[in-house]
2 protein chains.
Amino acid sequence: MDNYNDQVKTLLAVDCIIFGFDKKHLKILLIKRDFEPERGRWSLMGGFLQPEETLDEAATRVLNHLTGLDNVYMEQLRAYSAIDRDPVERTVSVSYYALINITEETKLNDNFSAKWFDINEAPDLIFDHTNMISHAMSRLRHRAGTKPIGFELLPEKFTMKQLQTLYEAILGEKLDKRNFINKINGLDILLKTDEKDMKSSRKGSFLYMFDEVKYNAKVSDGFTFKL
Amino acid sequence: MDNYNDQVKTLLAVDCIIFGFDKKHLKILLIKRDFEPERGRWSLMGGFLQPEETLDEAATRVLNHLTGLDNVYMEQLRAYSAIDRDPVERTVSVSYYALINITEETKLNDNFSAKWFDINEAPDLIFDHTNMISHAMSRLRHRAGTKPIGFELLPEKFTMKQLQTLYEAILGEKLDKRNFINKINGLDILLKTDEKDMKSSRKGSFLYMFDEVKYNAKVSDGFTFKL
DNA sequence: TTTTATAAATGTATTTTTTACACTTCCAAA
DNA sequence: TTTGGAAGTGTAAAAAATACATTTATAAAA
């Protein structure tokens, strides 16, 4: 095969598709570039791979740099390698998606003029970033049906309605309330608290929590999440 | 963000998980390395990304170099970036899997001492290649249920039994003959020829072909393959 | 030519899963 | 005390998945 020394090295970057949910719509976090190339346009948050880190670590670092958050659910999507995808210099980029629970404490790094966009109202993006988002969306849609990742986008305690609204936003379709609740309850991985959210109605609606311990126990017992 | 010039570049490689089917078992094609590092051990076929090609093109080139084949079904899997995955020098590798129909004409490049292994009897492999294969297997299992890629592993004309055996090999479980045939026929994407394969039985079994034109027509009509 | 051995071919009843669908309850605010 | 509005709840029908056994065609053997 080929000698390592003769080989051309390539710039390697990561780009993050950062999903959030504002109790109503699925959002992505974009930055307005005040740096070259493509200054002034919107793009995904990204960064170059450093010598002493893995791609996962790079993605985690980049996400943390923008949001200040740690311990965020992230998953690698795929590598993009079109020759001219970056006009400055050849750069292969590996995309990651992240799921974050947007709260009042989520303080975005001011240096990036970041903004949350409704997934269906994202602006024109640089390079192949629009493409990356579509890939991320279809991965998210699939994962949401087979792994309990939806909870990553919700606060610790949430109502059934919120959960349903989230799934509707992810899947892009309306779901039947009774069927949805029946299915969720059938999974038997939620903990019903005795607290109620009184904001949404006079009656109030019970708050639930994802019971991760129970879920893991069930999984090692052969159970598979399927919505 | 960061200036391009200050960035460290990385060696980028592709590795190919090459699947084949010998009418009975699912196989992968491995090479015995007579070059460093890890001379003498088995590994996936791989190669470095060249400046003027995309990752897809690199994978296609590498596959062609070993098998002489063109127009092979390939799909990118994911990037592997553990710091020390390659002991010689930091190398990020992007894995691809390929599906090829093994025939008498498939002439492997002698320079690589390549050999087909039963998927369940693969030897110890270098680096993270064993990991790559598991990822490839689970992707293949999933894809085989949602896209008509199984046919890539079969000759143009095949019997129902061969098709079933293939799916059993991919899924790693026995399937019920009648249910399988009913399901396949229900899809209505096969063409039944009037030829029979007389090798397997005295009665002989009819040969079928995948009707790609019909499949595409059905897909653009809203149909989705689901086995 | 008849018999035999072997895989190919074929359909249905049962179970499970998914879907469609509407009324009652609770409570804050008027 | 009345009212408005979301929360909460169950079942019947349809669709999909599963389990399962006999007949058929042919080459080779008798």
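No experiment lies behind these values; they were computed from the predicted model shown.
For the pair Leu227(A) CG and dT17(C) P, the interatomic distance rounds to 15 Å; values are reported in whole Å. Protein atom CG of Leu207(A) is 13 Å distant from nucleotide atom C1' of dA7(D), rounded to whole Å. For the pair Met198(A) CE and dC26(C) C1', the interatomic distance rounds to 9 Å; values are reported in whole Å. Spacing between atom CG of Leu175(B) and atom C1' of dA17(D) amounts to 13 Å, rounded to whole angstrom units. For Lys226(A) and dA17(D), the NZ to P distance is 10 Å, given to the nearest whole Å.
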Could you write nucleotides 4-13 of chain C as a row of B, S and -, 5' to 3', where a protein heavy atom under 4.0 Å of any base atom gives B, of only sugar-phosphate atoms gives S, and otherwise -? -B-BBBBB--

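Not a single salt bridge (charged side-chain N to carboxylate O under 4.0 Å, His left out) links Lys196(B) to another residue, sequence neighbours left out. When the salt bridge (charged side-chain N to carboxylate O under 4.0 Å, His left out) test is applied to Lys214(A), the partners found at least two apart in sequence or on another chain are Asp188(A). Residues forming a salt bridge (charged side-chain N to carboxylate O under 4.0 Å, His left out) with Arg139(B) (at least two apart in sequence, or on another chain): Glu75(B).
Residue pairs satisfying the salt bridge (charged side-chain N to carboxylate O under 4.0 Å, His left out) criterion with at least one member in residues 103-125 of chain B, sequence neighbours excluded, are listed as follows: Arg41(B)-Asp124(B). Evaluation of the salt bridge (charged side-chain N to carboxylate O under 4.0 Å, His left out) test over residues 160-169 of chain B, restricted to residues two or more places apart or in two chains, returns Glu168(B)-Lys174(B).
Lys218(A) NZ: more than 12 foreign heavy atoms inside a 6.0 Å radius.
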